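Remarks on the structure that follows.
All figures in this text were calculated on a predicted structure; none of them were measured in a lab. Starting from 1, each residue takes its place in the sequence as its number.
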Amino acid sequence: MRYDYLIVGAGLFGAVFAHEAKKKGKRCLVIDKRPHIAGNVYCEDIEGIHVHKYGAHIFHTSNKAIWEYMNQFAEFNNYINSPIAVYKDELYNLPFNMNTFSKMWGIRTPKEAKEIIAQQIEELHITEPKNLEEQALSLAGTDVYEKLIKGYTEKQWGRPCTELPAFIIKRLPFRFTYDNNYFNDIYQGIPKGGYTAIVEKMLEGIEVKTNTDYFTFRKENENIADKVVFTGMIDEYFGYQLGALEYRSVRFETEVLDMDNYQGNAVVNYTDREVPYTRIIEHKHFEFGKQEKTVISREYSSEWKVGMEPYYPVNNEQNNELFEKYRELAEKEINVIFGGRLGNYKYYDMDKVVEAALQTAEKELARKDRK
Ligand code: FAD
Ligand code: UDP
């Protein structure tokens, strides 16, 4: 055995685990099938702009300990995410707040907004929202649902809103104040220097092999470590033996434009069905960039198929049930720890991944010390 841990995936989960294990004197090898570290938070430098190659990433959390943990590796700027929604030729503020309602209905007060929403959903008699559609309607009424939620959600998930879990829309604030902050969390920002630099620091002094797929690597290195920390797809690990879990993939069409400011905001969502992409990201605005050029990415969502990057688990009932069965198999793999968004099949944000990795590391390293 050359290593205590073989860590599969140099994303946030793998990097945090490796960092903590190294601190305790454990020998770690981190591998990733991609040509670079940092997983989905990887940033590529184009025209002096940190381009979020796998989608826009805004760090936000209400957990002070996690915020402080991340601040060891980078200073964060004071970026606050406030996306704009474009519906045909209309423009709205997100998340769903008094600015949105005022523009939609020409009103000024929370009382007026609440009355309109109540009127719109009166006949629907929704008591306990059973799916994303009912949840969205009960929070914001039919106009907001039809213009800002239905089209976007069905493009993003490729399924009718009636077949999606309510929790997906509860990620977003619905508020009756004039506040365009997309998150309710206490701490928010973008790391100065980009996310890749954070992961580089986490992995300082740790051996890393990129362009290395676990399933090929293990054939020749079966006993290379005492334990494996696996942050890839759990169903792939088990050869899809119980059936395939569903994921959504995303394709980014990235363009350098010879202008300094294309859309005036980092995130602009296209909420009608007719526009084929879900959103356009203008990366420089995350860091208040003053470069002469700008880089934009159009985001297209599709169903995941073998060979594509899996981005989002589709956490509906059917997939969650199948995941439970894989989880039972995973429990029997006593020398493998499954973690991260793909290993745990959970729609985790970054802070939750870091928190889960720290908890896993703490438990695992304490256990190993007792041995
Ligand atoms: P990943 O970053 O996916 O890392 C897993 C790594 O494992 C990958 O690098 C992969 O190549 C590697 N791997 C997989 N299989 C193998 C194998 N067989 N062999 C070797 N390597 C393998 N969170 C936020 O908090 N804020 C946001 O604004 C935000 N925006 C997002 C936008 C998009 C489009 C997406 C998809 C996610 C977003 N997230 C956001 C979530 C965030 O990306 C995740 O929470 C986090 O990056 C997950 O880290 P991870 O280590 O679990 O997974
Ligand atoms: N959503 C929407 N309209 C929007 C933005 C988001 O209906 O303009 C819904 C959609 O269902 C999406 C969910 O809210 O999947 C969560 O949005 P979030 O921005 O958190 O998604 P992510 O950044 O993780 O893709």
Side-chain angles (χ1 to χ4, degrees), residues 55-63 66 80-85 87 92-101 104 110 113-114 116-118 120-121 124-188 245-248 250 267 269 271 278-279 299 301 311-321 323-324 341 344-356:
H57 279 78
I58 302 110
F59 193 88
H60 57 96
T61 187
S62 289
N63 185 329
I66 297 299
I80 298 285
N81 199 30
S82 314
I84 297 290
Y87 175 78
Y92 294 95
N93 287 110
L94 289 173
F96 312 102
N97 74 90
M98 281 306 296
N99 288 304
T100 328
F101 306 143
M104 181 93 44
K114 285 181 186 172
I116 292 176
I117 293 170
Q120 292 192 347
I121 59 169
L124 302 173
H125 307 293
I126 302 166
T127 44
E128 186 66 34
K130 286 189 293 296
N131 53 50
L132 195 154
E133 177 172 284
E134 290 189 3
Q135 183 69 66
L137 283 168
S138 64
L139 287 166
T142 48
D143 289 343
V144 171
Y145 174 65
E146 294 292 338
K147 290 186 170 182
L148 302 181
I149 298 174
K150 191 171 193 292
Y152 185 97
T153 299
E154 295 187 353
K155 280 194 287 191
Q156 163 73 17
W157 294 99
R159 290 157 175 77
C161 291
T162 46
E163 289 175 19
L164 289 164
F167 88 85
I168 291 179
I169 199 69
K170 287 207 281 193
R171 287 169 58 84
L172 306 188
F174 285 75
R175 52 170 95 93
F176 292 91
T177 51
Y178 286 91
D179 177 358
N180 295 329
N181 187 344
Y182 201 58
F183 305 112
N184 280 328
D185 284 322
I186 304 168
Y187 308 102
Q188 181 173 174
L245 289 164
E246 293 173 311
Y247 301 85
R248 292 294 286 173
V250 186
V267 184
N269 290 1
T271 59
T278 49
R279 51 192 172 190
E299 203 169 313
S301 191
Y311 283 88
Y312 294 87
V314 181
N315 284 123
N316 60 20
E317 234 171 84
Q318 169 206 329
N319 285 316
N320 288 347
E321 273 172 26
F323 168 70
E324 264 315 299
R341 222 187 208 206
N344 286 341
Y345 198 68
K346 285 220 169 54
Y347 191 0
Y348 274 144
D349 279 328
M350 290 181 275
D351 61 328
K352 293 288 183 284
V353 166
V354 172
E355 191 179 335

Any [X] side-chain heavy atom under 4.5 Å of [Y] side chain:
X: Ile84; Y: Leu94; value: no
X: Arg175; Y: Asp179; value: yes
X: Ile126; Y: Leu137; value: yes
X: Lys346; Y: Val353; value: no
X: Asn269; Y: Tyr87; value: no
X: Gln188; Y: Asn181; value: yes
X: Val144; Y: Phe101; value: yes
X: Glu163; Y: Asn316; value: no

Spacing of [X] atom [atom1] and [Y] atom [atom2] [to the nearest 0.5 Å]:
X: Asn93; Y: Ser82; atom1: CG; atom2: OG; value: 8.0 Å
X: Arg279; Y: Ser301; atom1: CZ; atom2: OG; value: 9.0 Å
X: Thr142; Y: Ile149; atom1: OG1; atom2: CD1; value: 11.0 Å
X: Lys150; Y: Thr162; atom1: NZ; atom2: OG1; value: 8.0 Å
X: Lys170; Y: Leu139; atom1: NZ; atom2: CG; value: 8.5 Å
X: Leu132; Y: Ile168; atom1: CG; atom2: CD1; value: 6.0 Å

Review point. Taking the six-membered ring of Phe183, is the NZ or CZ of Arg171 close enough (under 6.0 Å from the centre) and on axis enough (within 45°)?
Key: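 The answer is no; the distance or angle limit is not met.
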
Review point. Within 45° of the axis and under 6.0 Å from the centre of the six-membered ring of Phe176, does NZ or CZ of Lys114 qualify?
Key: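 Yes; both conditions hold, so Lys114 lies above the ring face of Phe176.
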
Review point. Is it the case that Asn180 and Asn99 place a side-chain donor and acceptor less than 3.5 Å from each other?
Key: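 Checked: Asn180/Asn99 side chains pair up, N/O donor to acceptor below 3.5 Å.
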
Shortest non-hydrogen contact between [X] and [Y], atoms and distance:
X: Val314; Y: Arg159; result: CG1-NE, 3.7 Å
X: Thr61; Y: Asp351; result: OG1-OD2, 3.1 Å
X: Tyr182; Y: Pro173; result: O-CD, 3.1 Å

Check your understanding: What pairs meet the salt bridge (charged side-chain N to carboxylate O under 4.0 Å, His left out) rule with one or both residues in residues 124-136, with sequence neighbours excluded?
Key ->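 Applying salt bridge (charged side-chain N to carboxylate O under 4.0 Å, His left out) to every pair that reaches into residues 124-136, excluding sequence neighbours, yields Lys130-Glu134.
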
With no hydrogens and no angle check, is any side-chain donor or acceptor of [X] less than 3.5 Å from a backbone partner on [Y]?
X: Arg341; Y: Tyr347; result: no
X: Gln120; Y: Asp143; result: yes
X: Thr278; Y: Glu299; result: yes
X: Asn315; Y: Tyr345; result: yes
X: Thr271; Y: Lys147; result: yes

Point to revise | Partners passing ring pair (Phe, Tyr, Trp, His ring centres under 6.0 Å) against Phe96 (at least two apart in sequence or in another chain) | key: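 Per chain and number, Phe96 pairs via ring pair (Phe, Tyr, Trp, His ring centres under 6.0 Å) with Phe174.
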
Point to revise | Full working for side chain to side chain contact (heavy atoms under 4.5 Å, CB included) between Thr100 and Leu148 | key: CA-CA 10 Å; Thr100 328; Leu148 302 181; 3.5 Å; yes

Practice item. Just say parallel, tilted or perpendicular for the rings of Tyr312 and Trp157, cut-offs at 30° and 60°. Key: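 Perpendicular: the ring planes of Tyr312 and Trp157 meet at over 60°.
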
Review point. Can you list the steps and then say if Ile66 with Phe59 is a side chain to side chain contact (heavy atoms under 4.5 Å, CB included)?
Key: CA-CA 11 Å; Ile66 297 299; Phe59 193 88; 4.0 Å; yes

